[in-house]
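Residue numbering restarts at 1 for every chain, and letters A, B, ... go by the order of the sequence lines. Every value quoted in this text rests on a predicted model; they were computed, and no experiment measured them.
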Amino acid sequence: MDERCLIDVRGLYELLLDHMGPTHWWPADTRFEIAIGAILTQNTAWGNVETALDRMKAADVLNARSIADLPDETLWDLIRSTGYYRQKAVYLRAFCQWFLDLGEWSHDDDIPALVREVDDETLRRELLSIRGVGGETADDLLLYVFDRPAFIADRYARRMFETLDVDDLPKSYEGFRRRVMPQIDADAWSIPEFQEFHGLIDELGKTCRTPEDWNHSIVAGYRMPLP
DNA sequence: ACCCAGGTGTTTC
DNA sequence: GAAACACATGGG
């Protein structure tokens with residue numbers, strides 16, 4: 001079977017929660033705003049994303065129809081602060097088109113039946129087929145927009161597990177994710193806990209600039225309990 | 001001036 | 001697969 005070491009993900013979650021408290025990760029007015037933020041924050045500091053979201057709100061265009069219809073120059077100007085703005089304009093439009101094809105979301109917290117009907121893996125593949133949605137953005141969307149269980153295998157998560165000397169950490173995003181996800185007992189986690197876990201990891205990551213920082217962080221001394 | 005940030009797609013081997 | 005590259009602004 002699998003010789004690789006088990007990861008006590010739940011213990012790690014509780015350790016982080018006890019020391020860092022709730023993170024209030026990814027606040028937003030609507031699910032749509034979370035999705036737009038997920039694309040804009042690709043390889044970009046969150047502060048630059050807030051600038052763009054504020055500009056879009058001020059222009060009253062933070063909705064799928066408006067973004068899809070805006071002239072290139074206008075959209076570029078609104079999201080310029082997030083970098084890669086020409087590329088991200090294409091990505092935003094691709095997502096908005098997909099979003100519009102789902103039909104109207106009558107209320108912000110209403111997830112369309114079309115989406116509710118499919119299982120997690122099918123929805124993930126569907127999201128990955130959207131231009132500009134790679135593995136990490138797909139997991140952001142699953143977790144924070146569609147309330148599905150997901151482990152976001154981002155840079156901070158990788159650094160955390162490297163600090164913990166987890167064996168055989170795959171190099172690719174997908175490999176890393178598939179190394180960790182099966183070790184989470186999804187039935188024992190609520191969606192808010194999945195969300196909080198990612199928030200805690202990234203909040204910790206922001207405070208750790210160097211490998212030395214990580215080695216002095218709260219997770220450094222953590223030892224996985226024996227199975 | 002340099003490095004990094006809540007990555008993705010394309011090309012090439 | 002996996003490595004190299006383009007994409008780009010803003011803050012430390």
Side-chain angles (χ1 to χ4, degrees), chain A residues 13 16 20 22-28 31-56 72-98 124-146 148-163 168-181 192 194-214 217 219:
Chain A
Y13 166 67
L16 292 172
M20 301 169 59
T23 57
H24 310 295
W25 195 245
W26 222 314
R31 294 181 188 279
F32 181 77
E33 180 179 345
I34 294 174
I36 297 308
I39 291 167
L40 293 180
T41 199
Q42 290 168 358
N43 204 37
T44 300
W46 182 251
N48 297 339
V49 178
E50 282 186 317
T51 302
L53 290 173
D54 287 345
R55 287 172 63 77
M56 293 170 92
D72 275 337
E73 286 74 12
T74 308
L75 184 53
W76 290 349
D77 187 51
L78 288 168
I79 68 174
R80 188 176 306 276
S81 64
T82 68
Y84 308 139
Y85 59 90
R86 278 183 283 246
Q87 204 173 59
K88 283 175 180 174
V90 173
Y91 294 172
L92 289 183
R93 287 217 172 84
F95 177 79
C96 286
Q97 193 53 60
W98 178 83
R124 190 170 194 275
R125 276 194 300 276
E126 168 87 11
L127 292 169
L128 285 172
S129 73
I130 302 169
R131 192 74 165 185
V133 176
E136 182 170 340
T137 305
D139 288 328
D140 286 339
L141 296 174
L142 284 171
L143 184 55
Y144 293 103
V145 177
F146 299 113
R148 304 298 182 106
F151 168 69
I152 298 173
D154 65 1
R155 287 183 195 173
Y156 291 143
R158 178 174 294 281
R159 285 174 199 162
M160 182 178 78
F161 282 115
E162 283 170 354
T163 302
D168 296 333
L169 223 52
K171 300 196 191 326
S172 70
Y173 180 92
E174 200 54 30
F176 179 28
R177 173 184 161 266
R178 293 169 74 111
R179 171 82 171 83
V180 176
M181 264 310 265
F194 271 104
Q195 293 172 335
E196 180 64 9
F197 187 47
H198 172 62
L200 287 162
I201 292 170
D202 281 29
E203 224 30 70
L204 177 67
K206 283 192 200 169
T207 68
C208 296
R209 195 133 248 321
T210 67
E212 293 75 52
D213 292 339
W214 279 100
S217 75
V219 295

Check each residue of residues 33-47 of chain A for a non-hydrogen atom within less than 4.0 Å of any atom in DNA chain C, then write out the ones that pass by number, or none. N43(A)
What residues 84-93 of chain A contributes to the DNA chain C interface at heavy-atom separation below 4.0 Å is Y84(A), Y85(A), R86(A), Q87(A)
Shortest non-hydrogen contact between [X] and [Y], atoms and distance:
{"X": "N48(A)", "Y": "T82(A)", "answer": "O-CG2, 3.5 Å"}
{"X": "R179(A)", "Y": "D168(A)", "answer": "NE-O, 3.8 Å"}
{"X": "T41(A)", "Y": "V49(A)", "answer": "CA-CG2, 3.5 Å"}
{"X": "G83(A)", "Y": "K88(A)", "answer": "O-CD, 3.4 Å"}

Rounded to the nearest Å, what distance is computed from the [atom1] atom of residue [X] to the [atom2] atom of nucleotide [N]?
{"X": "D154(A)", "N": "dG7(B)", "atom1": "CG", "atom2": "P", "value": "7 Å"}
{"X": "R80(A)", "N": "dA8(C)", "atom1": "CZ", "atom2": "C1'", "value": "10 Å"}
{"X": "F151(A)", "N": "dG6(B)", "atom1": "CZ", "atom2": "C1'", "value": "13 Å"}
{"X": "F176(A)", "N": "dG1(C)", "atom1": "CZ", "atom2": "C1'", "value": "18 Å"}
{"X": "E174(A)", "N": "dT8(B)", "atom1": "CD", "atom2": "P", "value": "11 Å"}
{"X": "N48(A)", "N": "dG11(C)", "atom1": "CG", "atom2": "C1'", "value": "8 Å"}
{"X": "F95(A)", "N": "dT8(B)", "atom1": "CZ", "atom2": "P", "value": "14 Å"}
{"X": "R209(A)", "N": "dC4(B)", "atom1": "CZ", "atom2": "P", "value": "8 Å"}

Backbone of Q42(A) reached by a side-chain donor or acceptor of T44(A) within 3.5 Å: yes
Checking the side chain of R31(A) only, and the main-chain atoms of V145(A) only, is there a donor and an acceptor separated by less than 3.5 Å? yes
Just say parallel, tilted or perpendicular for the rings of [X] and [Y], cut-offs at 30° and 60°.
{"X": "Y85(A)", "Y": "W76(A)", "result": "perpendicular"}
{"X": "F95(A)", "Y": "F32(A)", "result": "tilted"}
{"X": "F176(A)", "Y": "F151(A)", "result": "perpendicular"}

From dT9(C), dG7(B), dG6(B), pick the nucleotide closest to the side chain of R155(A)? dG7(B)
Classify the nucleic acid contact of Y173(A) as base, sugar-phosphate or nothing, counting any heavy atom under 4.0 Å across all strands shown. nothing
Assign R159(A) to base, sugar-phosphate, or nothing according to its heavy-atom contacts below 4.0 angstrom with the strands shown. sugar-phosphate
Does anything in residues 130-140 of chain A reach DNA chain B, meaning a heavy atom under 4.0 Å, and if so which residues? I130(A), R131(A), G132(A), V133(A), G134(A), G135(A), E136(A), T137(A)
Worked verdict on E136(A) versus R158(A) for salt bridge (Lys or Arg N to Asp or Glu O under 4.0 Å): CA-CA 12 Å; E136(A) 182 170 340; R158(A) 178 174 294 281; over 6 Å; no
Measuring from atom CE of M160(A) to atom CG of L200(A), what distance do you get when rounded to the nearest 0.5 angstrom? 9.5 Å
What's the gap between dC7(C) and dG6(B) when it is taken at their P atoms, as a whole Å value? 22 Å
Give the C-alpha distance, both sets of side-chain angles, the deciding distance and a yes or no for salt bridge (Lys or Arg N to Asp or Glu O under 4.0 Å) between D213(A) and R159(A). CA-CA 11 Å; D213(A) 292 339; R159(A) 285 174 199 162; over 6 Å; no
